[in-house]
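In what follows, residues are counted from 1 in the order of the sequence shown.
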Amino acid sequence: METSSEDLIRIVKEMNEADYSMNVMLFQAHETLLESEITAKQTILLEHVHKHNQLTVSELAERMNVSSSAVSQIVSKLEKANYVIREINRSNRREILVRLAERGTDYFVKQDLLERTIIERYYSQLDFDEVVAMKNTILKLKAIVEKEVNGDASKTIK
């Protein structure tokens, strides 16, 4: 069965709209578990620190594709709110290490609880094979995007 480009566009838009609507509903239903005071950039920084346990300011800047001074400003706000701790690297005193503080650790405990709640409440209603197929499709799409983005940075949306 051959599909047209317009059919593909329509289906993907429909899928993206459903995904967006589902995320809005999930956010509204579970917002009491979420930290609403954290901005998107702060969340991204926290995710990187959580994933790597600790990173230098320059490593965070590289991963976030922003300047070290921008990272320092984000870290300062998160440090004041007890989400991260900043300390001098003992093996290289010119580097500042960033790791999670108590509230940052709690943030990820809550996030894990929310994720498990969503899985148990909603995803468990799907057949296991459907979940596996969805995962495989998303990973395949991710690999295509990674190849395109990393392989040819000159391709941009115009």
Under the side chain to side chain donor-acceptor pair (under 3.5 Å) rule, what pairs show up with a residue in residues 55-64, not counting sequence neighbours? H52-R63, T56-S58, T56-E59
Is there a path from I85 to Y107 through hydrophobic residues (I, L, V, M, F, W, Y) whose side chains come within less than 4.5 Å of each other? no
Before you tell me yes or no, could you show the steps for R116 and D112 under salt bridge (Lys or Arg N to Asp or Glu O under 4.0 Å), namely the whole-Å CA-CA distance, both residues' side-chain angles and the distance that decides it to 0.1 Å? CA-CA 6 Å; R116 286 176 176 276; D112 185 59; 3.1 Å; yes
Interatomic spacing from OH in Y20 to CE in M25 - rounded to 0.5 Å: 11.5 Å
Do the side chains of H50 and T105 get nearer than 4.5 Å, heavy atoms only? no
What's the spacing between D19 CG and I138 CD1 if we round to 0.5 Å? 8.0 Å
Could you tell me if the side chain of I88 sits less than 4.5 Å from the side chain of E95, heavy atoms only? no
Could you tell me whether the side chains of Q73 and S69 share a donor-acceptor contact shorter than 3.5 Å? no
Is there a path of hydrophobic side-chain contacts, each under 4.5 Å between heavy atoms, that joins I118 and V131? yes
If you measure from CD on E102 to CG on D106, what distance do you get to the nearest 0.5 Å? 5.5 Å
Calculate, to the nearest 0.5 Å, the distance between atoms CD1 and CD1 belonging to I44 and I74 respectively. 8.5 Å
As an exercise, state the distance from CG of N150 to CD of E148, rounded to the nearest 0.5 Å. 10.5 Å
With side chain to side chain contact (heavy atoms under 4.5 Å, CB included) as the test, would you mind laying out the steps for Q42 and I38 before giving the verdict? CA-CA 6 Å; Q42 289 171 336; I38 298 177; 3.5 Å; yes
Considering residues at least two apart in sequence or located in another chain, which fulfil the salt bridge (charged side-chain N to carboxylate O under 4.0 Å, His left out) criterion with E146? K142
Would you please classify the geometry between the H30 ring and the Y122 ring as parallel, tilted or perpendicular, with 30° and 60° separating the classes? perpendicular
Going through the checks in order, is the salt bridge (Lys or Arg N to Asp or Glu O under 4.0 Å) test met by R103 and E37? CA-CA 12 Å; R103 203 161 171 205; E37 68 190 44; 2.8 Å; yes
Given side chains that start at C-beta, do those of L26 and M22 come closer than 4.5 Å, heavy atoms only? yes
Going through the distances and angles, do L55 and V98 end up as a side chain to side chain contact (heavy atoms under 4.5 Å, CB included)? CA-CA 5 Å; L55 290 168; V98 180; 5.6 Å; no
Donor-acceptor under 3.5 Å (E87 side chain, I96 main chain): no
Any side chain to side chain donor-acceptor pair (under 3.5 Å) pairs touching residues 124-138, not counting sequence neighbours? none
Would L45 and M64 count as a side chain to side chain contact (heavy atoms under 4.5 Å, CB included) if you check the C-alpha gap in whole Å, the side-chain angles of each, and the deciding distance to 0.1 Å? CA-CA 7 Å; L45 187 141; M64 295 176 67; 3.8 Å; yes
First locate atom CZ of R94, then atom CG of N92, and finally report the distance between them rounded to the nearest 0.5 Å. 5.0 Å
How about D7: does its CG atom have over 12 heavy atoms from other parts shown lying under 6.0 Å from it? yes
Hey, mind stepping through R86 and L97 against side chain to side chain contact (heavy atoms under 4.5 Å, CB included) and telling me if it holds? CA-CA 6 Å; R86 227 184 328 199; L97 296 172; over 6 Å; no
Looking at every heavy atom in both S72 and V57, which two are closest together, and how far apart are they? OG-CG1, 3.8 Å
Step-by-step side-chain hydrogen bond (donor to acceptor under 3.5 Å, both in side chains) determination, S21 to E17: CA-CA 6 Å; S21 296; E17 174 57 34; 2.9 Å; yes
Counting C-beta onward and ignoring hydrogens, is there a side-chain heavy-atom pair between Y83 and V49 closer than 4.5 Å? no
